[in-house]
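Remarks on the structure that follows.
The residues of the chain are indexed from 1 along the displayed sequence. In what follows, every heavy atom counts, from backbone to side chain, and hydrogens, waters and symmetry copies are set aside. Just so it is clear, the structure is predicted and the values come from calculations on it, not from any experiment.
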Amino acid sequence: MTKFCRDRQIQKAESILKNIQVFKEWKSSRNREQAVNQLTEVQQDVLVVGTVLETEKKDYHTMVAELERLCEVLYQISISLEDDQQVCRLGFEAENIIRSLQKCLRAVMPRKEIVFLPYQVSMWDSLESVWLEAAKDQTADTYVIPIPYYDVLPDGTLGALHDQRADYSADVPIVQYEDYLMEERHPDVIFFHNPYDGCNSVTRVPEQYYASRLKKCTRQLVYIPYFVSEEGGPSEHFCYLPGVLFADKAVVQPGCIYERYCQIYTQTLQKNGWEGILLPAEKKFLPLDSPKFDKVLNTRCEITDLPENWQRIIQKPDGGRKKIVLYDLTILNLLNNNEQVLKKVENVFRLYREKQKEAVLLWRPHPLLLSTIDSMRPQLRDEYLLLVQQIQEEEWGIFDHTPDPNLAMALSDAYYGDCSSLLTTFRVTGKPMKMQDVWREDERAFLMELLNENNSSGKNMERDTRDKQIGSIIYHTIMSDKNKCLT
């Protein structure tokens, strides 16, 4: 519990105490409607304090039990307003409970509190290694709180609400977002990876998780992109999305990508007259690289650990293993080239169907591709779903819709597809890669070159190695800001 949170609960207890004083000298001639409203207000405060204590890492069972007893006393008061003596007795009982609670709350020793807010389980790898380092910190309590998100319909209204809490590994202790009261708890640091607020035309998180709102609920709001960029850097708008603007720190890739963020962000401040209002680039951006690279380098994969249908497709009759090519399809390519992209996929399918004795196509389109089609290219939906059905039913390839993209990268011998965050991450494995051209038939030459290679699974290829985990560097850099992170 942070000092802010503890003091807030002490204040609530003081407010409860003041509201129940009247019942110690109750007269049934008083306004009963006003009394009931007062009791309702008290009970709401009691429930908030109880929820905060129940969500704590430390066990505050005794205080929670006393709050439950207080709720019962408040109920008894509400049904006894005609009995002055009974209400006065209950008022004194309620006061004793609150005074005991205040004493217990004042004895609580504050601790640092670190919150992680992933919204798509497939993007958890952009935060995971930072969380792993935070979880080692004996001076802090960490909370992983997967938040839900909506589809955005073509008319801009919100569609289905998605909740992916059940998809996280059992090794990740999940806290229910309904139970964690962000404004009440006021964590020292919030790490998040969704920069859009209301600007995304495909998905949208609830407003209480917008960066503009989170900024008011923490000492240090830290944005880590869910994607990684090639040398040219991200599209310009990614440098001034709300998550970037409102964050206290934004962790980005070093070199020219860091410079691009700084340049475009600074131009945005100048253009909008925000200099002196928002942090300057040199105080906001940290060129520490992406935790996604930690994840892909640490992921190991054995064939026997895979689903049975994957094993059946990958293994040869003699027990050997076919070459696996990770095939990626991005949202941007589809939006720019429409039907031509699906024609390209058909050509790629035709090749791997022909070469299925030697190679496997592991198709992993962007996890939001279908949602994007529904929202922005609905005329392509049937054709796209037909392709998905083909690769799933014909079993010469694998359609990968698992939450974790790192398994596919660890398993694959090569990458073929669009220029994407997946390609940039795959680069650190040292395995062969080729970006597809949807207007040319370039897939055959790349596959034939791969099949003629002697390397198997990229085992002899040079991998990007790092002495220290990026997540560790990020965590300790953030926590070293003593002005922001001390309880």
Side-chain angles (χ1 to χ4, degrees), residues 1-2 4-9 11-12 41 43-57 112-124 126-127 130-131 134 141-153 156-168 172-226 240-250 278 368 371 484:
M1 184 184 296
T2 63
F4 180 99
C5 181
R6 183 198 64 182
D7 293 348
R8 182 97 169 228
Q9 306 322 303
Q11 289 171 5
K12 272 194 167 48
E41 182 181 332
Q43 191 160 42
Q44 287 172 345
D45 281 345
V46 171
L47 290 173
V48 168
V49 177
T51 300
V52 167
L53 294 174
E54 284 184 324
T55 317
E56 276 291 325
K57 296 283 184 179
K112 294 194 291 287
E113 194 157 300
I114 317 298
V115 165
F116 294 84
L117 292 180
Y119 95 106
Q120 286 249 348
V121 67
S122 62
M123 301 171 184
W124 170 234
S126 64
L127 300 176
V130 184
W131 164 71
D141 295 325
T142 60
Y143 296 82
V144 179
I145 309 171
I147 57 178
Y149 65 93
Y150 296 95
D151 290 328
V152 178
L153 302 178
T157 59
L158 299 181
L161 181 69
H162 299 275
D163 183 345
Q164 297 186 332
R165 286 176 286 193
D167 296 329
Y168 284 77
V172 182
I174 297 301
V175 174
Q176 308 304 316
Y177 68 85
E178 302 96 334
D179 297 335
Y180 191 92
L181 307 180
M182 199 73 68
E183 292 183 11
E184 288 290 323
R185 301 189 66 90
H186 207 83
D188 295 282
V189 186
I190 296 175
F191 290 95
F192 73 109
H193 64 198
N194 178 1
Y196 295 102
D197 285 7
C199 299
N200 196 339
S201 57
V202 178
T203 61
R204 193 163 301 162
V205 298
E207 286 189 26
Q208 66 263 36
Y209 299 112
Y210 283 9
S212 56
R213 296 275 291 272
L214 295 175
K215 171 76 171 176
K216 302 172 185 177
C217 300
T218 183
R219 292 185 175 192
Q220 184 94 300
L221 183 62
V222 183
Y223 167 58
I224 302 179
Y226 63 84
Y240 54 77
L241 282 170
V244 176
L245 296 177
F246 288 104
D248 295 296
K249 299 294 182 185
L278 296 177
L368 294 177
S371 296
K484 287 283 188 180

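Panel note: side chain T2, backbone R185; a donor-acceptor pair is recorded below 3.5 Å. Between the side chain of E56 and the backbone N or O of M1 there is at least one donor-acceptor pair closer than 3.5 Å. With T55 contributing its side chain and T51 its backbone, the two residues share a donor-acceptor pair below 3.5 Å.
The pair D248-K215 meets the salt-bridge criterion, since a charged nitrogen lies less than 4.0 angstrom from a carboxylate oxygen. A salt bridge does not link K216 to E183: none of the charged side-chain nitrogens sits closer than 4.0 Å to a carboxylate oxygen.
Atom OG1 of T203 sits about 8.0 Å away from atom CG of D151, to the nearest 0.5 Å. Here the straight-line distance linking atom CD1 of I147 with atom OH of Y180 works out to 13.0 Å at 0.5 Å rounding. With rounding to the nearest 0.5 Å, the separation of CE in M123 from CG in L368 is 5.0 Å.
Defined by atom type and a distance below 3.5 Å, a donor-acceptor pair is present between the side-chain atoms of H193 and S126.
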- request: Would you sort out whether F116 and Y143 count as a ring-ring contact (aromatic ring centres under 6.0 Å, His included), showing the intermediate values?
  value: CA-CA 6 Å; F116 294 84; Y143 296 82; over 10 Å; no
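When ring centroids are compared, F192 and Y223 come within the 6.0 Å threshold. Between Y119 and Y209, the ring centre distance reaches or exceeds 6.0 Å.
Between V49 and L53 the shortest side-chain heavy-atom distance falls below 4.5 Å.
The environment of Q208 atom CD is dense: over 12 non-hydrogen atoms of other residues, nucleotides or ligands sit within 6.0 angstrom. Within 6.0 Å of the NZ atom in K57, the count of heavy atoms belonging to other residues, nucleotides or ligands exceeds 12.
Under the side-chain contact (heavy atoms from CB on, under 4.5 Å) test applied with P146, the options I174, V175, V172 reduce to a single match, I174.
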